[in-house]
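Hydrogens, waters and symmetry mates play no part in the numbers below; they use all other heavy atoms, side chains included. Source: prediction; values computed, not measured.
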Amino acid sequence: MNLESRVAKTQKKPEELYNFLIQVDNFKNLMPEDTKFELKGEDKFLFGLKGMPEIALALTDKTPYSQVVLGSTSDKLAFTLTCDISESESGSEAQLVFNGDFNAMMAMMIKGPINKFLEQLANGLEKI
């Protein structure tokens, strides 16, 4: 299952956005207001969306100034959340990509909430 957010435009330079995102504690600033957020170490956090189980994400890969990858720490919900960063005239653009391997029933159940979540994160990126 591969889902993509819209391209978020931000005033931050790619380097600034990248440095913001590799500090996983900053993700609390991007989350919707009703989301549970708990830092679980320097590179890991737990979050909970309404109607979904709590999920722990850890920083798994990073390419300076162009990509940040978070991965689920659960084998039951194995997925990655990637933020691709590119330079733009006014700062940078970012797109979030959710990639997971789920059975058809699970994919059907989580597609809507994950799409909504990706859009909320994109909105958050534009506000920082």
Inset, instruction - Would you confirm whether Q11, through its side chain, and G91, through its main-chain N or O, come within 3.5 Å as a donor-acceptor pair? - result: no

Inset, instruction - Consider only side-chain heavy atoms of I, L, V, M, F, W and Y, link residues closer than 4.5 Å, and tell whether F117 and V69 are in one cluster. - result: no

Inset, instruction - Applying side-chain contact (heavy atoms from CB on, under 4.5 Å), name anything that partners M108, two or more places apart in sequence or on another chain. - result: M105

Legend entry - Separation of L121 CG from L81 CG (nearest 0.5 Å): 6.5 Å

Inset, instruction - Output the distance between atom CG (L39) and atom CD (Q23), rounded to the nearest 0.5 Å. - result: 10.0 Å

Legend entry - Validation row, ring centre Y18 to ring centre Y65 under 6.0 Å: yes

Legend entry - L118 side, atom CG; L3 side, atom CG - distance, nearest 0.5 Å: 6.5 Å

Inset, instruction - Give a yes-or-no answer on whether the side chains of D84 and Q67 include a donor-acceptor pair shorter than 3.5 Å. - result: yes

Legend entry - L46-I110 co-clustered via ILVMFWY side chain contacts under 4.5 Å: no

Inset, instruction - Please lay out, stage by stage, how I22 and D43 fare under the test side-chain contact (heavy atoms from CB on, under 4.5 Å). - result: CA-CA 8 Å; I22 62 171; D43 64 351; over 6 Å; no

Legend entry - Nearest-0.5 Å distance that lies between atom NZ in K111 and atom CE in M109: 15.0 Å

Legend entry - Joint hydrophobic cluster, M1 plus M106, side-chain heavy atoms closer than 4.5 Å: yes

Legend entry - Separation of N115 CG from Q120 CD (nearest 0.5 Å): 11.0 Å

Inset, instruction - Using the side chain to side chain contact (heavy atoms under 4.5 Å, CB included) rule, pick out the option among T35, L96, N123, L125 that qualifies with L30. - result: L125

Legend entry - Minimum heavy-atom distance between L17 and A94, given as atom pair plus value: CD2-CB, 3.9 Å

Legend entry - Hydrophobic cluster identity match, V7 and L21, side-chain contacts under 4.5 Å: no

Legend entry - Check: E119 side chain, R6 main-chain N or O, donor-acceptor pair, under 3.5 Å: yes

Legend entry - Donor-acceptor pair, side chain of S72 and main chain of S74, under 3.5 angstrom: yes

Inset, instruction - Using side chain to side chain donor-acceptor pair (under 3.5 Å) as the criterion, list what pairs up with K9, not counting sequence neighbours. - result: E93

Inset, instruction - Show your reasoning for whether side-chain contact (heavy atoms from CB on, under 4.5 Å) applies to N19 and E16. - result: CA-CA 5 Å; N19 288 332; E16 293 174 292; 5.9 Å; no

Legend entry - Distance in Å, T82 OG1 paired with E4 CD, rounded so as to fall on 0.5 Å steps: 10.5 Å

Inset, instruction - Begin from the C-alpha positions of K13 and E87 and carry the test salt bridge (charged side-chain N to carboxylate O under 4.0 Å, His left out) through to its verdict. - result: CA-CA 7 Å; K13 293 178 183 174; E87 193 167 359; over 6 Å; no

Inset, instruction - For a side chain to side chain contact (heavy atoms under 4.5 Å, CB included) with F79, tell me which candidate from I55, N99, D101 qualifies. - result: I55

Inset, instruction - May I ask you to check whether F27 and F20 place their ring centers less than 6.0 Å from one another? - result: no

Inset, instruction - Please report the shortest heavy-atom distance between L77 and F102, naming the atom on each side. - result: CD2-CE2, 3.6 Å

Legend entry - Cationic N near anionic O, under 4.0 Å, K12 to E126: no

Inset, instruction - Decide side-chain contact (heavy atoms from CB on, under 4.5 Å) for V97 and N2; before the verdict, give the C-alpha distance in whole Å, the side-chain angles of both, and the deciding distance to 0.1 Å. - result: CA-CA 7 Å; V97 179; N2 190 353; 3.3 Å; yes

Inset, instruction - Quick one: do L57 and T73 satisfy side-chain contact (heavy atoms from CB on, under 4.5 Å)? Show the steps, please. - result: CA-CA 6 Å; L57 287 177; T73 62; over 6 Å; no

Legend entry - Closest contact, heavy atoms only, L70 versus T60: C-OG1, 4.0 Å

Inset, instruction - Answer yes or no: is there a side-chain heavy-atom contact under 4.5 Å between F37 and M31? - result: yes

